[in-house]
Amino acid sequence: MIYFDNVSKLYNDGRSAALQEVTFQVAPKEFVSIVGHSGAGKTTLLKMIIAEDNPSHGQVFFESLDVHKIPKTKLPHYRRKIGTIFQDFKLLSHKTAYENVAFAMEANGRDDKEIVENVPQALALVDLDDKAWNFPNELSGGEKQRVAIARAIVNQPDIIIADEPTGNLDPIATYEVVQILRKINDLGTTVIMTTHNKGVIDEIERRVITMDDGRIVRDDATGKYVL
Amino acid sequence: MITALRRIVKAGFVGFWRNSYVALASIFVLTVALFVIGSTMFLDQLLATSLNTLQTKVDINVYFVPDAPEEEVERIRNAVAALPEVSVVQFTSAEEALQQYRERNQGNEISLQALEELDDNPLGSNIAILAKETSQYESIARFLEEQQGLESAQTQVIDEINYAKNKDSIDTLTSIINAVEQASLTIMAVLLIAAVLITFNTVRLAIYTSREEIAIMRLVGASNVFIRGPFMLQGIMYGLISGTLAMLLFYPLLVWIGPRTEAFFELNLFDYYIVHFGEIFGLLVGIGVVLGLISSMIAVARYLRT
């Protein structure tokens with residue numbers, strides 16, 4: 001479903017590279033963790049998938065679609081197929097939890113009836129139905145990340161991309177977030193997640209891609225955190 | 001489509017309300033800008049009116065000798081009226097001149113007695129000439145002097161042309177009027193540009209605080225129209241509110257200043273404000289809306305690029 005074909009990303013000076021000849025695929029319904037030190041190229045890799053960053057060489061495919069050949073006007077449509085979760089949550093601070101989730105559906109052009117039905121369901125899935133009307137600054141880190149997850153899944157995307165989703169969370173919140181991501185994956189959504197957290201990797205027991213210096217150095221079917 | 005529009009409108013209003021601090025700053029600056037623009041409009045009106053009054057006060061008077069033949073006076077009068085530069089020629093007959101003299105000197109016994117001593121009317125008829133532009137008096141005066149020059153000593157008709165006497169003051173007035181007109185135009189242009197730039201900048205700063213939000217909206221897959229819409233609506237709202245506020249600000253100011261401008265410039269600005277309320281209101285709000293809208297669009301466009 002996602003296919004990286006010999007992707008490299010060089011910086012402007014032409015020498016230092018964020019990604020070097022990266023080739024891998026992700027099958028539907030997989031749960032893939034990408035691990036590596038800071039600067040190993042994990043985030044760049046994810047940005048390639050949502051067309052936030054362009055490769056210097058190589059191609060990235062989403063199903064049969066070359067991601068970087070999508071015209072700018074069609075990019076919003078493409079991004080609606082992907083749910084994104086970030087370390088810093090990226091919630092709209094002037095909108096309540098409910099509105100943040102609803103916004104993703106509004107932007108998607110869903111009708112009001114669907115929104116009224118699906119938003120509470122999504123919030124219930126992340127166990128936040130009681131905080132629907134709170135603003136982000138009234139929520140804890142773990143709660144904010146759960147709102148972000150609800151927003152990511154509410155449009156029933158084909159794939160969820162999570163960049164260090166537990167990076168800012170305490171161990172309990174981390175555990176909750178990982179459980180939710182597993183649950184989403186069990187319901188049939190592909191998940192690609194980067195992380196630093198050894199405990200998280202060992203807990204999930206799924207495929208692990210290890211990166212170092214822009215290259216994929218290991219790709220284990222049921223990996224452990226090795227570095 | 002309608003759903004999207006409704007959502008954009010709602011998001012615009014909610015965003016305005018929740019960002020009220022930023023909105024307030026934008027409205028404040030835009031109000032000041034519109035106030036400056038409105039003030040220059042009033043000032044312009046004031047200058048235009050006072051220039052008009054001043055210009056109508058400038059004239060050339062031609063005094064005819066008391067025994068001037070009527071047809072000769074008539075001829076000069078028609079010749080002057082036929083000049084393209086002349087807008088009005090006002091004729092005062094000898095009897096009217098005498099009447100006016102009597103009225104002017106009503107309390108002055110000596111003057112009236114002196115008049116009684118004389119058998120004949122010592123005053124001749126005269127004409128007052130108004131030019132279309134102050135700069136045209138020179139050529140009218142030259143024409144009259146030529147006429148005077150043509151007359152022989154026996155058949156003198158024109159007694160006196162008072163232009164030469166007034167020439168200096170008319171010249172000074174003409175140059176003052178021109179200078180004031182030019183200076184006021186320059187000042188207005190500078191003030192307008194400053195007001196527009198400050199407004200642009202404030203709205204850009206206001207939207208700068210939302211750049212994160214714009215980035216997030218894009219990540220969630222919102223189309224550019226959907227992101228831009230609420231900001232554009234807010235720009236329009238800034239314009240509407242600021243235009244109304246500026247209009248309200250003028251009210252007490254003009255109530256106070258109106259009678260003073262009437263005494264000095266012969267135009268009561270408050271009356272002008274009331275009579276032209278609709279136009280001024282429409283213009284200020286219109287400028288405000290256009291300014292707010294364009295500023296918002298330019299500011300958001302920055303964050304929608306890449």
Side-chain angles (χ1 to χ4, degrees), chain A residues 46-47 49-54 70-86 88-96 98-115 135-137 144 147-148 150-158 161-163, chain B residues 1-26 203 205-235 237-238 296-297 299-306:
Chain A
L46 294 190
K47 279 185 175 170
I49 300 174
I50 55 172
E52 264 276 285
D53 207 344
N54 297 313
I70 302 172
K72 239 191 326 192
T73 48
K74 294 269 181 280
L75 219 47
H77 297 272
Y78 168 65
R79 288 190 178 140
R80 288 170 204 165
K81 297 183 188 177
I82 304 171
T84 39
I85 302 166
F86 300 90
D88 56 354
F89 323 126
K90 294 209 190 298
L91 297 176
L92 299 168
S93 56
H94 293 293
K95 291 186 188 293
T96 62
Y98 181 95
E99 287 167 344
N100 263 285
V101 178
F103 182 81
M105 293 191 81
E106 288 176 1
N108 217 326
R110 302 298 192 82
D111 64 43
D112 292 349
K113 195 165 154 272
E114 280 183 291
I115 293 178
F135 286 93
N137 63 5
K144 279 186 220 175
V147 175
R151 178 179 67 185
I153 60 169
V154 77
N155 282 324
Q156 285 120 19
D158 304 325
I161 289 185
D163 189 11
Chain B
M1 190 61 215
I2 291 168
T3 318
L5 194 70
R6 185 172 48 77
R7 282 173 186 162
I8 286 172
V9 170
K10 192 183 164 205
F13 275 96
V14 172
F16 182 89
W17 182 245
R18 290 189 186 154
N19 263 322
S20 47
Y21 204 70
V22 170
L24 227 67
S26 302
V203 174
L205 273 179
I207 291 179
Y208 179 77
T209 60
S210 303
R211 70 196 180 286
E212 279 275 292
E213 306 238 324
I214 294 172
I216 296 168
M217 288 174 179
R218 293 181 54 190
L219 281 175
V220 176
S223 65
N224 283 357
V225 178
F226 202 74
I227 297 173
R228 200 187 289 132
F231 289 106
M232 283 163 64
L233 184 75
Q234 282 169 32
M237 287 164 73
Y238 295 163
S296 304
M297 280 170 69
V300 178
R302 258 185 77 129
Y303 303 111
L304 289 181
R305 250 180 268 142
T306 57

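Summarising the geometry of Val154(A) relative to Ala104(A), their closest heavy-atom pair is CG1-CB, 4.3 Å, with the distance given to 0.1 Å.
Only the backbone of Leu91(A) comes within contact range of chain B, judged by heavy atoms closer than 4.5 Å. With a 4.5 Å cut-off on non-hydrogen atoms, Asn155(A) does not touch chain B at all. Only the side chain of Phe86(A) has a heavy atom closer than 4.5 Å to any heavy atom of chain B. Interface residue Arg18(B): backbone and side-chain heavy atoms are both found under 4.5 Å from chain A. The contact between Thr3(B) and chain A is made entirely by side chain atoms (from C-beta outward), counting heavy-atom distances below 4.5 Å. Residue Ile161(A) does not touch chain B at all, counting heavy-atom pairs closer than 4.5 Å. For Ile50(A), the part lying under 4.5 angstrom from a heavy atom of chain B is the side chain only. Both the backbone and the side chain of Ser93(A) come within contact range of chain B, each with at least one heavy atom under 4.5 Å from a heavy atom of that chain.
In Met232(B), the CE atom is crowded: over 12 heavy atoms of neighbouring residues, nucleotides or ligands sit closer than 6.0 Å. Around the CD atom of Glu212(B), the shell of radius 6.0 Å holds no more than 12 heavy atoms that belong to other residues, nucleotides or ligands.
Using a 4.0 Å cut-off between charged side-chain N and carboxylate O, Asp88(A) and Lys144(A) make no salt bridge. A salt bridge is absent between Asp163(A) and Lys90(A): the closest approach of a Lys/Arg side-chain nitrogen to an acidic carboxylate oxygen does not fall below 4.0 angstrom. Glu52(A) has a carboxylate O that lies under 4.0 Å from a charged side-chain N of Arg79(A), or vice versa, which qualifies the two as a salt bridge.
Looking only at heavy-atom pairs under 4.5 Å with chain B, the residue among His94(A), Arg151(A), Glu99(A), Lys81(A) that has the most is His94(A). Interface remark: of the candidates Leu92(A), Ile82(A), Thr73(A), Thr84(A), Leu92(A) forms the most heavy-atom pairs closer than 4.5 Å to chain B. The choice from Gly83(A), Pro76(A), Gly109(A) that makes the most heavy-atom pairs within less than 4.5 Å of chain B is Pro76(A).
In this structure, Arg228(B) forms no cation-pi arrangement with Phe231(B), as its terminal cationic atom is not both closer than 6.0 Å to the ring centre and no more than 45° off the ring axis.
Remark: the backbone N or O of Ala107(A) is paired with a side-chain donor or acceptor of Arg80(A) at under 3.5 angstrom.
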